[in-house]
Amino acid sequence: MAGVIAAVCNTASQENAEEAEQELRNKDAKLLAADEKVTLAFRNRGGKGRDSFVFTTTRILVVDVQGVTGKNVLYRSYPYSSVQAFVATTAGGIDADSDVVVHARGCGPLSLSFQKGKVDIYGVMTFLSAAVCGNEKLINTSGVTYSGPSGGASEGKVSQLVGYLGGDAAQLDPRIVEQQFRDTVGVLLPGETVELAFKCGRDTTVLTNMRFLQVDVQGMTGKQVAYLTLLWSSVSAFAVESAGGWLDRDATMILYTNIPLLKCIAQDLRKSTADVMSIQRFFSDKLLGAETMGAPAPIPDRMYGVADQSNMAADFFTGDSRQIDAAAANHKFHTNPPILQNCETVEMAFKCGRDLTLFTTKRFITIDVRGLSGKRCLYQSIPWATVKCFAISTAGTLDRDAELKLWTDIYFDPPPPGSDEPHPEPGMSFLMEDFHQSRCDLTMMLRCISARVLKLPSGLPLCPSGNPLSPELLRPTPSEQVSNISAVASWFTNDNFEVDPVSVNERFHNGVAFMLPNEFVVKAYLAGRDMNVFTNMRVMIVDKKGLSGKRVEYRSFPYSSIRSFSMRTGGSWDLDAEVTMDLCNHWDMSTVNIDLRKGKSDPVALNNFLASYVIGDCNSGAGGGPVFHPTGGSLSPPGAFLTWLEGNSYEIPASEVERQFQTSPPLLLPDERVRLALKSGRDMAVLTTKRFLNVDVQGLTGKRVEYTSYPISSIGGFAVETAGTLSRDSEIYIYMHVFYARMLQAKKVTITVAKKKCDVFAAQQALHELGRSVRRATNPAAGGWNAQPPAAGGWNAPPPAAGGWNAPPPAAGGWNAPPPAAGGWSAPPPAGDLGPSV
């Protein structure tokens with residue numbers, strides 16, 4: 001009977017891993033890498049089906065047999081490095097299966113069903129935890145305790161009942177919870193420690209040094225239990241909300257992610273047993289870096305800004321923030337409430353009514369004071385690494401408020417199911433705040449954010465998190481340069497052509513002074529009143545708005561925010577070329593288009609410039625400057641190139657394609673090599689050592705050609721599909737971590753090749769090896785992402801006790817030099833309220 005149920009429900013049964021590995025190698029020797037081993041193997045329909053999936057040492061490989069004859073087979077690969085979270089659910093009392101849902105970036109959720117009683121779901125969960133969490137960057141917080149209030153143990157039964165009915169979780173002793181988890185279900189890994197734990201009814205939330213673990217007990221019997229594992233590296237921002245007055249019993253903790261179906265995880269907390277400041281400190285240590293100082297560092301008594309001269313009525317009506325003294329804010333939020341780390345300092349501070357905005361050395365903080373008493377406060381923290389694009393808009397003729405805009409990699413808020421609201425809300429994907437321009441230093445604000453978000457040409461952070469900015473960046477802007485920020489667009493005239501970068505560089509450094517000292521303009525383009533500027537650190541879009549043109553927006557994003565870019569040449573009737581950049585924001589900054597006038601700009605040179613900074617030596621740290629090839633204004637490919645592309649789908653020699661793209665058009669970087677090239681009609685797909693390049697020939701004449709580049713690091717997963725009996729084509733699918741604006745679906749590139757004219761397993765092998773090489777290069781651990789488990793203890797071996805990710809930062813020198821010693825924490829704040837105390 002169990003076999004019939006498994007066949008009907010299509011649940012998988014475990015099979016021998018060695019036999020499954022041999023079967024896969026017999027299908028094609030290139031399906032698995034030479035050093036890749038199958039650890040767990042399963043076959044659908046209770047072990048009698050055609051479909052199967054395996055867990056190897058590097059990925060999850062799903063084999064989907066289709067068609068009557070079974071010759072059409074789809075092989076889908078999900079590397080462990082792409083997994084951001086997973087949910088393992090045990091079987092209930094009347095359920096026939098247990099489930100595992102894997103959330104991989106760019107690939108969407110993967111659902112796997114297992115036969116009840118035939119598969120150890122806890123063993124699968126433990127293996128997946130080790131494979132996914134084993135490469136997490138561990139933050140050394142040894143000796144740090146995150147305890148709740150001492151009065152939590154004396155909570156009465158009535159209070160406990162009210163908290164349970166309200167869904168409020170009580171804080172538990174983490175040592176007891178860790179012992180219970182190890183003795184009962186064994187879901188914790190060796191070396192994994194529980195640092196905070198909460199319980200609400202039957203459900204438990206556990207915060208460990210490796211992950212966020214949520215246990216959801218379901219059903220009447222409680223036999224069905226869902227275990228959610230969320231990696232700390234997948235958390236983009238966090239927030240805590242304190243409880244209000246005596247009628248308000250619950251506090252809240254919130255995590256924001258860039259996973260479509262898990263974009264926000266919130267947990268209500270019983271205020272009598274949970275310390276939100278301790279929870280906030282834990283999140284800060286995990287997402288911002290561990291505490292490196294035993295006591296707050298001294299700073300000058302007065303840093304930057306002015307003493308707070310509160311005008312609540314004006315703030316209420318205008319909603320504009322004003323700049324206040326950073327030293328006073330720094331003093332307050334190190335003491336009451338203590339939301340800042342000891343090694344963290346406030347560099348700029350702003351206030352609107354009772355609410356505050358802080359720019360610290362590690363994050364962007366908003367403090368929202370709620371309720372009449374002001375006791376309920378929402379403390380929202382966004383690490384600077386989460387900010388992918390930023391903009392400052394000056395005030396116009398009739399409006400006096402400037403605007404700060406931040407775009408993050410957090411998902412937007414989709415409308416609820418069945419809602420009449422047709423459009424989603426930006427949520428934490430896009431933030432905007434108004435400022436009183438005459439009472440804020442916008443140029444200093446722009447320099448401060450630029451130094452925190454931008455990166456060096458080597459790809460390293462310009463100013464590592466936690467290190468103070470130089471006094472030069474935080475100096476007050478001279479009065480003669482304040483008005484220039486609204487007049488910069490009037491310095492240049494004409495339309496849609498490339499301008500001299502030297503003159504633009506001089507204006508932006510001396511006229512406005514919002515560019516960084518070691519930043520310089522490489523290329524600049526005018527389009528009417530607007531300007532597109534490419535520096536060695538970012539792309540800047542200067543957008544002049546309104547009839548008078550006094551309102552100017554400066555929008556910037558680093559090259560690390562670019563997930564893909566493309567160049568489209570001009571056609572017979574359309575004379576303009578176009579360069580498109582896809583960013584890792586999911587709101588209205590997911591795509592940026594720049595039109596280039598034919599004969600007055602070189603799109604190939606701009607494309608190669610982007611390649612140098614996005615996928616080339618400038619990004620990897622091997623080089624020191626851009627590498628791009630001027631083409632003398634030739635915007636269309638030569639006729640020989642179009643003739644070369646004619647024909648049916650088949651694989652062509654990589655060396656031939658490499659020679660072609662080194663000269664006509666010159667798209668490849670000097671150290672870039674072609675691994676695989678596939679031609680489909682006039683179009684082409686090329687896999688190099690740095691990117692996936694898609695060539696799309698458009699129009700009847702074929703003069704309009706689009707070249708789209710996807711860095712290897714943007715590939716989340718891949719799949720190959722063999723041709724069936726009656727079909728003529730095979731398919732190659734590449735799942736990109738590139739998303740459409742305001743949509744939950746990622747881009748999937750499909751390559752169709754002729755049957756028997758291309759080895760799709762060779763393409764699968766090349767994608768697998770290139771992905772492993774990139775992950776190995778970006779992971780400093782020995783062996784990279786593909787390191788085999790240690791011999792002693794296997795997957796259960798604990799992480800190394802010293803060095804590696806847990807090594808402390810250097811004590812002194814460079815960016816780690818301590819801030820100025822003048823003044824101290826004993827300096828009293830200036831007059832005026834800086835916000836609530838907890």
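This chain uses plain numbering: 1 for the first residue, then up along the sequence. Note that these values count all heavy atoms, side chains included, but never hydrogens, waters or copies made by symmetry.
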- Does the side-chain contact (heavy atoms from CB on, under 4.5 Å) test come out yes or no for M581 and L610, once each step is laid out? CA-CA 9 Å; M581 292 166 283; L610 288 175; 4.1 Å; yes
Within a strict 4.5 Å, meaning less than it, do heavy atoms of the [X] and [Y] side chains meet?
X    : Y    : result
P501 : V522 : no
K523 : E498 : yes
S612 : L669 : yes
R439 : Q323 : no
V686 : E658 : no
V705 : K703 : no
P558 : V453 : yes
M537 : N518 : yes

Do any N or O atoms from the side chain of [X] and from the backbone of [Y] form a donor-acceptor pair under 3.5 angstrom?
X    : Y    : result
D582 : V738 : no
S561 : L583 : no
T408 : M428 : yes
D320 : D434 : no
Y559 : R538 : yes
N608 : P666 : yes
Q660 : S664 : yes

- Kindly determine whether M589 and R555 satisfy side-chain contact (heavy atoms from CB on, under 4.5 Å), including the steps that lead there. CA-CA 10 Å; M589 275 298 290; R555 186 174 300 189; 3.1 Å; yes
Say whether [X] and [Y], considering side chains only, have a donor N or O and an acceptor N or O under 3.5 Å apart.
X    : Y    : result
R563 : S714 : no
D409 : S236 : yes
R704 : T569 : no
T689 : E672 : no

- Message: Just to verify, which of V521, N510, V533 counts as forming a side chain to side chain contact (heavy atoms under 4.5 Å, CB included) with M515?
- Response: V521
Is any NZ, NE, NH1 or NH2 atom of the basic residue among [X] and [Y] found under 4.0 Å from an Asp or Glu carboxylate oxygen of the other?
X    : Y    : value
R363 : E344 : yes
E403 : R551 : yes
D671 : K690 : yes
E433 : K405 : no

- Query: Between Q437 and D401, does a side-chain contact (heavy atoms from CB on, under 4.5 Å) hold up when you go through it step by step?
  - Reply: CA-CA 6 Å; Q437 179 162 326; D401 59 315; over 6 Å; no
Where is the tightest heavy-atom contact between [X] and [Y], given as atom of each residue plus distance?
X    : Y    : value
M445 : I392 : SD-CD1, 3.8 Å
S381 : P383 : O-CD, 3.9 Å
H509 : L516 : CE1-O, 2.9 Å
I562 : S564 : CG2-O, 3.4 Å
R452 : N467 : NH2-O, 2.7 Å
A654 : V674 : CB-O, 3.5 Å

Specify whether [X] and [Y] have parallel, tilted or perpendicular ring planes, treating 30° as the upper limit for parallel and 60° as the lower limit for perpendicular.
X    : Y    : value
Y707 : F661 : perpendicular
F534 : Y525 : perpendicular
F350 : F435 : perpendicular

- Please walk me through it: do H586 and Y411 pass ring pair (Phe, Tyr, Trp, His ring centres under 6.0 Å)? CA-CA 6 Å; H586 308 289; Y411 266 90; 4.0 Å; yes
- Message: Between I715 and Y735, is the side-chain contact (heavy atoms from CB on, under 4.5 Å) condition met? List the steps.
- Response: CA-CA 6 Å; I715 298 178; Y735 305 104; over 6 Å; no
What distance do [X] atom [atom1] and [Y] atom [atom2] have between them, rounded to the nearest 0.5 Å?
X    : Y    : atom1 : atom2 : result
I712 : L770 : CD1   : CG    : 5.0 Å
T366 : L358 : OG1   : CG    : 9.0 Å
F514 : E519 : CZ    : CD    : 8.5 Å
S429 : L406 : OG    : CG    : 11.0 Å
S556 : L446 : OG    : CG    : 6.0 Å
I594 : L606 : CD1   : CG    : 6.5 Å

- Message: Set out, in order, the CA-CA distance, both residues' side-chain angles and the distance that settles ring pair (Phe, Tyr, Trp, His ring centres under 6.0 Å) for F359 and W384, then state yes or no.
- Response: CA-CA 9 Å; F359 294 178; W384 289 118; 5.8 Å; yes
- Message: One pair to check against side chain to side chain donor-acceptor pair (under 3.5 Å): T708 and N694. What are the steps and the verdict?
- Response: CA-CA 5 Å; T708 305; N694 191 39; 5.3 Å; no
- Note on the structure: Given the options F430, F390, W587, W407 meets ring pair (Phe, Tyr, Trp, His ring centres under 6.0 Å) only with F430
